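Here's the structure we're looking at; comments come further down.
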Amino acid sequence: MANIYSIGKSALLSANYAISVTGHNISNASVDGYNRQVVLQSAVPGQRYAFGFVGGGTQLDDVRRVYDKFLAKQFNDTQSESSRLNTHYGLIQSINSKLADATAGISPALQDFFSSVQAVASTPASSATRTSMISESEILAGRYNNLANQLTEQLDMINSRVIGSVELVNTYAHEIAKINDQIARAQIAVTDPEPNDLLDQRDYLISQLSQEIGVRTVSNGNSMDIYIGNGQPLVINNQSFEMYAEHSTKDPDRVEIGYINNGVKVEIPEKLLTGGNIKGYMEYRAAELDPVLNQLGLIAINLAYDFNAQHKLGQDMNGEVGKDYFGYVTETSVGNASGSGSAIANIKDVKSLVASNYLMEFDGTNYRITRQSDGTTFSGAERNVTLADGSTWDGKSMPVTIDGVEFNADGLVAGDSLVLKPLGEVASSLKVLITDPNKIAAALTVRTGAGENNVGSGQISQGSLVALNNPDATIPSVPPNLELTVQVDGAGDLVVAPNRTVTVTYTDGTTKTVDSPDTFAYEEGMTIALGSFTFNITGKPQAGDTFYVEPNTGGTGDNRNMLSLASLQDSRTMNGTTTYQGAYSQLVNRVGAKTRELEILSTSTATLLNEIYEEQQSESGVNLDEEAINLMRYQQNYNAATKVLQTANEMFDSILAIF
């Protein structure tokens, strides 16, 4: 009888615990990170009798969670990569839409600006077209300002998000360390039952952590150690190590991250991070945000510089020489966080600029400057840089000019390093300096003409004075009286008067410098240059014919300088390879291509992540239909076990009745 009671009791208890586990599964079916639990039981060894072995019932061996370590690691790694891609893609989407905006972007404003320049060239005396040009100029500058400011705001947003992510990482690390300690207390020996719910909580926190930063996990007994970067510990047993996020000492505009080891802050280089939102933020900042801001500044400064150079060769409605049309920042500086010194970058040669930031390092004796866009280093030992006086830079003296930027430093001490951004504020600082329509220099300061008594068919062109590809272009010195006369002598040669020097270029490319009163042979189509002002004489002039260059007094209807300004639109002024519009289109296309690439990668990684999740859930997740069937099965077991005990009682009562 005792055997029947014990068998029935073991069956009853087993069914009871199985129902409890099933109920636990059902109640946690929608809990994130919960893994299905199952009851493991086995038969109690039977007792031997003469006729054979009689079973002793059942026993519970374990309540085990259904968990696949390989799938969990694969899910965390893929989730970390997916977070990186999604973050990068979400950020670049914003900048891509702004750059390519057909109504509010730079491209349409650039087109409208040059259309207004063309309008002034068509009617140079019109006040309405001049006013419209200033308005379109303001719109163009405003577009550059707004786009640059939005990029700067994005940088501030990234900084705050990085700080928020690091705070989350510290919270997760602290909780994981605490659960490590709870698991160690609950499972003192390796053979002790596993605390399934604590393990689920820890795994879920690690999964959440992997969304913020790429991690590597290592089992350490019943604890889980976590490492980031190049092996920096984040959690060891029940101890967590704090990460920090603070503004960089070498670049105050951005936040850097690191970890604290024995109270000492150790920066983690961005290249060592492998995934998560933090990697996505920093990757976007370095690969997209900085290059776009620099390229935008490079286009803006080339446009402004070229336009200013040509505008200053012209003459306005008041008869005055043109002034700078656009203004922009040419000098930037950054100070050392410790206050020990500072560095300055001053733009000297616009046409030599490279769209890049620069890292200046000082070891106490030597300076080293690194162009961050391609990693090229400049120092006295590694690369020769010729100074303005023709000497070779020794790496010790300052200032030094590299890529058209003059770098200088003051008060730096050994170990200091600073990031300089020569183009970082150009686009945001672009502004229109001309507000009076009459100040637009549409005319040239000089004009040409032919003598009234000329008898030949010779003609002189209007002449041009261009700054493009002619950085030394200057306005000819024109006194109030007649400045230059070219006369045909009896031999058919030309004579320059009064005491002037001109440069003659013949159609075969040969040149000749002529000082008055020297003569030079006439050739139809030859170019004569008075300083930077050039003109042609064509036709067949006769002896005694004269041609002259004189001050452009009252030239309100002259549009020659405006034509030169309008021609900048189609000139390959950007490194001699493309136009402003072309350079901007290249920028838009590059960002667009990267956006599309990230969209594809993000989508494919999300699909892979979902497949891994589905596979994981098919094994570890709770299936309510399956649990309902289990519940019915265990209930039947429970009822049957009750029946066994009831039968045993009836048998016992029958035996008692005999006596």
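As the structure is a prediction and not an experimental result, all values here were calculated from the model. Counting from 1, the numbers follow the sequence of the chain as shown.
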Q | Criterion salt bridge (Lys or Arg N to Asp or Glu O under 4.0 Å) on Arg285 and Asp290, from CA distance to verdict | A | CA-CA 6 Å; Arg285 183 174 65 186; Asp290 285 347; 6.0 Å; no
(Q) Could you walk me through whether Tyr244 and Glu256 satisfy the side-chain contact (heavy atoms from CB on, under 4.5 Å) test, starting with their C-alpha distance in whole Å, then the side-chain angles of each, then the deciding distance to 0.1 Å, before giving a yes or no? (A) CA-CA 8 Å; Tyr244 71 88; Glu256 66 179 10; 4.2 Å; yes
Q. Can Gln211 and Ser80 be said to form a side-chain hydrogen bond (donor to acceptor under 3.5 Å, both in side chains), step by step?
A. CA-CA 5 Å; Gln211 293 186 48; Ser80 185; over 6 Å; no
**Q.** Check against salt bridge (Lys or Arg N to Asp or Glu O under 4.0 Å), Glu138 and Lys431
**A.** CA-CA 7 Å; Glu138 294 281 3; Lys431 61 182 178 180; over 6 Å; no
Q | Derivation and outcome, side-chain contact (heavy atoms from CB on, under 4.5 Å), residues Ile158 and Leu289 | A | CA-CA 10 Å; Ile158 288 172; Leu289 195 56; 4.1 Å; yes
Q: Could you walk me through whether Arg590 and Glu288 pass the salt bridge (Lys or Arg N to Asp or Glu O under 4.0 Å) test, one step at a time?
A: CA-CA 10 Å; Arg590 185 183 71 79; Glu288 318 303 338; 3.7 Å; yes
Q.
side-chain contact (heavy atoms from CB on, under 4.5 Å) for Met282 and Val162? Distances and angles first, verdict last.
A. CA-CA 8 Å; Met282 294 189 167; Val162 168; 4.3 Å; yes
Q: List the steps and the verdict of side-chain contact (heavy atoms from CB on, under 4.5 Å) for Phe113 and Arg143.
A: CA-CA 12 Å; Phe113 166 69; Arg143 295 280 176 85; over 6 Å; no
Q: Kindly determine whether Ser207 and Gln79 satisfy side-chain hydrogen bond (donor to acceptor under 3.5 Å, both in side chains), including the steps that lead there.
A: CA-CA 8 Å; Ser207 173; Gln79 180 175 241; 3.0 Å; yes
Q. Would Ser352 and Asp403 satisfy side-chain hydrogen bond (donor to acceptor under 3.5 Å, both in side chains), going step by step from the backbone distance to the final call?
A. CA-CA 5 Å; Ser352 298; Asp403 295 339; over 6 Å; no
Q | CA sep, side-chain torsions, deciding dist, call: Thr87, Asn277, side-chain hydrogen bond (donor to acceptor under 3.5 Å, both in side chains) | A | CA-CA 6 Å; Thr87 296; Asn277 292 327; 2.7 Å; yes
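Ion pair Asp251/Arg254 flagged as a salt bridge, since at least one NZ, NE, NH1 or NH2 atom sits closer than 4.0 Å to an Asp/Glu carboxylate oxygen. The residues Glu270 and Lys279 are annotated as not salt-bridged, no charged nitrogen and carboxylate oxygen being separated by less than 4.0 angstrom. Remark: Asp101 does not engage Lys98 in a salt bridge, criterion side-chain N to carboxylate O under 4.0 Å.
For the side chain to side chain donor-acceptor pair (under 3.5 Å) test, no residue two or more places apart in sequence or in another chain qualifies with Thr607. Annotation: side chain to side chain contact (heavy atoms under 4.5 Å, CB included) contacts of Gln310 (sequence neighbours excluded): Leu313, Val466, Ala467, Asn561, Ser564, Leu565. Every residue two or more places apart in sequence or in another chain that forms a ring pair (Phe, Tyr, Trp, His ring centres under 6.0 Å) with Tyr325 is listed here: Phe307, His311.
Judged by distance alone, with hydrogens and angles left aside, the side-chain atoms of Gln232 form a donor-acceptor pair with the main-chain N or O of Asn230 at under 3.5 Å. Counting only distance, with no hydrogens or angles, the side chain of Tyr584 and the backbone of Leu99 share a donor-acceptor pair below 3.5 Å. Asn302 places a side-chain N or O within 3.5 Å of a backbone atom of Leu298 that can act as its donor or acceptor partner. Between the side chain of Asn96 and the main chain of Thr595, no donor-acceptor pair closer than 3.5 Å is present. Remark: the backbone N or O of Ser585 is paired with a side-chain donor or acceptor of Asn589 at under 3.5 angstrom. No donor-acceptor pair under 3.5 Å is formed between the side chain of Thr578 and the backbone N or O of Met574. Under the 3.5 Å distance criterion, the side-chain polar atoms of Thr78 are left unmatched by any main-chain donor or acceptor of Phe75. No side-chain donor-acceptor contact under 3.5 Å links Arg84 to the backbone of Gly275. Checked by atom type and distance alone, the side chain of Asn145 pairs as donor or acceptor with a backbone atom of Ala427 at under 3.5 Å. With hydrogens and angles ignored, the 3.5 Å screen pairs a side-chain donor or acceptor of Lys351 with a backbone N or O of Thr573.
Side chains of Ile268 and Leu273 form a contact here, defined as non-hydrogen atoms less than 4.5 Å apart. Residues Val426 and Val329 form no side-chain contact, since every pair of their non-hydrogen atoms from C-beta on lies 4.5 Å or further apart. Contact annotation: the side chain of Asp416 never approaches that of Glu361 to less than 4.5 Å [non-hydrogen atoms, C-beta and beyond]. Counting heavy atoms from C-beta on, the side chains of Val166 and Ile278 come closer than 4.5 Å. Counting only heavy atoms from C-beta outward, the side chains of Val218 and Met224 never approach each other to under 4.5 Å.
Within a 6.0 Å radius of OH in Tyr67, more than 12 heavy atoms belonging to other residues, nucleotides or ligands are found.
The shortest heavy-atom contact between Ser428 and Asn149 is CB-OD1, 3.6 Å. When all heavy atoms are compared, the tightest approach of Arg202 to Asn222 is NH1-O, 3.0 Å. Here the closest heavy-atom approach between residue Leu199 and residue Ile183 is recorded as CD2-CD1, 3.6 Å. Between Ser97 and Ser94, the shortest heavy-atom contact is OG-O, 2.7 Å. The two residues Asp253 and Asn159 make their nearest non-hydrogen contact at O-ND2, 2.9 Å. Leu151 and Leu293 make their closest contact through CD1-CD1, 3.8 Å (heavy atoms, listed as atom of the first residue, atom of the second, distance).
At a cut-off of 3.5 Å, with distance as the only test, no side-chain donor of Asn180 or Asn238 sits close to an acceptor on the other residue. For Asn357 and Lys421, the side-chain atoms include no donor-acceptor pair closer than 3.5 Å. Counting only N and O atoms by type, the side chains of Asp374 and Thr376 include a donor and acceptor under 3.5 Å apart. Gln617 and Glu614 share no donor-acceptor pair across their side chains, judged by distance under 3.5 Å alone. Between the side chains of Gln569 and Gln111, at least one donor N or O lies within less than 3.5 Å of an accepting N or O. Side-chain contact of Asp200 with Asn35: a donor-acceptor pair under 3.5 Å is present, judged by distance alone. No side-chain donor-acceptor contact under 3.5 Å links Glu212 and Ser83.
Stacking of Arg161 on the aromatic ring of Tyr281 is not recorded, the 6.0 Å distance cut-off and the 45° axial limit not both being met.
In this structure, CG on Asp349 lies 13.5 Å from CD1 on Ile402, to the nearest 0.5 angstrom. Of the inter-residue distances, the one linking Thr401 atom OG1 with Phe378 atom CZ reads 12.0 Å to the nearest 0.5 angstrom.
Ring to ring, Phe362 and Tyr367 are close: their centroids are under 6.0 angstrom apart.
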